[in-house]
Amino acid sequence: MAFAQQLIAWQRRHGRHGLPWQGTRDPYRIWLSEVMLQQTQVATVIPYYQRFVRRFPDVGALARASEDDVLALWSGLGYYARGRNLHRAARLIAEQGFPRTALDIAELPGVGRSTAAAIAVFAYGERAAILDGNAKRVLARAFGVERDEKLWALAERLLPKRGIERYTQALMDLGATLCSRLAPSCERCPVVRACVARRDERVAELPAPRKRRALPQKDVQWLVLRRNGAVLLERRPSSGIWGGLWCFPELTGRAPAGAKRLSPIEHGFTHFRLRIRPLLLKSGSEPYLNRARTPISWMTFAQAEAAALPAPVRTLLGRLGEGVR
Ligand code: SF4
């Protein structure tokens, strides 16, 4: 049996069924789920997806929302550029309609070649090849292929004439379940007998890991100002990290006299590590703020929790809030 047919048969019996974005051809819902699934696992995405479609049942509702509302609902999913791009793309789609082919879908902000293909497959049944992390791992191992260009060509060659939706889902499911990165369950895999990596004992080597560089570290100081049970947060400019999210103001230069140092927080980005040193100041220290930069707001803990916050701000609020709530 051909590779695609084996995967299709396997998916029917052992793949993931009944996910909230399955069983629809609505390109809006499929696009939303595929963007959320970039870099994030299914179990994490499900409640976010459900909240989004309840609040924004169609692309028009999402396009009319403010960026602040979208980011607040995205808060906790990470990779906030995805949330901002989602909102920008919603406005384009509301004006121009949803693009109809993988090539055109790939023009939307925040949608790469593989995501566009997945959307075109599930919404329109287009025969387009995906190569997300899961599909790449399965194909690299099953066929013993290393280079990305070769993998794309292989992914296209393997596309079945019929059943493209189930085949695409099968690649995602096999990579997410049996063909995992560290401990694949080859004995239950539908293509184990033809798998090159298994035959040549190269499972651990494929796909070739990206070269790891030592990540540079950046240090920042955060000012923690409290007044009557509220904290001062500022909205970051839309370019740069955490654009549009609410953060503690940053302080450049020396810590003011009387500032109390709190335990640092470490946060990893793709290209660097951030060490955050929070400084607790008494209220009345607002002159230390560079007021020309961004909007600021005093928020109660409850207000802050409902706002669009990056993870380290949430962590710090959690620490500060112990004993307050
Ligand atoms: S046999 Fe193992 S390594 Fe090969 S595709 Fe299946 S799960 Fe992956």
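Both ligands and their constituent atoms are indexed starting at 1 by order of listing. All figures in this text were calculated on a predicted structure; none of them were measured in a lab.
- A perpendicular orientation is assigned to the rings of F3 and F143, their planes being inclined by more than 60° (bins at 30° and 60°).
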Distance-only donor-acceptor pairs under 3.5 Å for side chains of residues 76-86, two or more places apart:
residue	atom	partner	partner atom	Å
Y80	OH	G76	N	3.0
Y80	OH	L309	O	3.2
R82	NH1	V35	O	3.1
R82	NH1	M36	O	2.9
R82	NH1	Q38	O	2.3
R82	NH1	T40	OG1	3.3
R82	NH2	T40	OG1	3.1
R82	NH2	L77	O	3.2
R82	NH2	G78	O	3.4
R84	NH1	G243	O	2.5
N85	OD1	R88	NH1	3.0
N85	ND2	A81	O	3.3

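- Defined by atom type and a distance below 3.5 Å, a donor-acceptor pair is missing between the side-chain atoms of R16 and T177.
- Residues Q11 and R166 have side chains that bring a donor and an acceptor to within less than 3.5 angstrom of each other.
- Here the straight-line distance linking atom CD of E107 with atom CD of Q96 works out to 11.0 Å at 0.5 Å rounding.
- Here the protein contributes C189 SG as N, O or S atoms under 2.8 Å from atom 6 (Fe) of ligand 1.
- Residue A90 comes nearest to W31 through the heavy atom pair N-CH2, 3.9 Å, listed as atom of the first residue, atom of the second, then distance.
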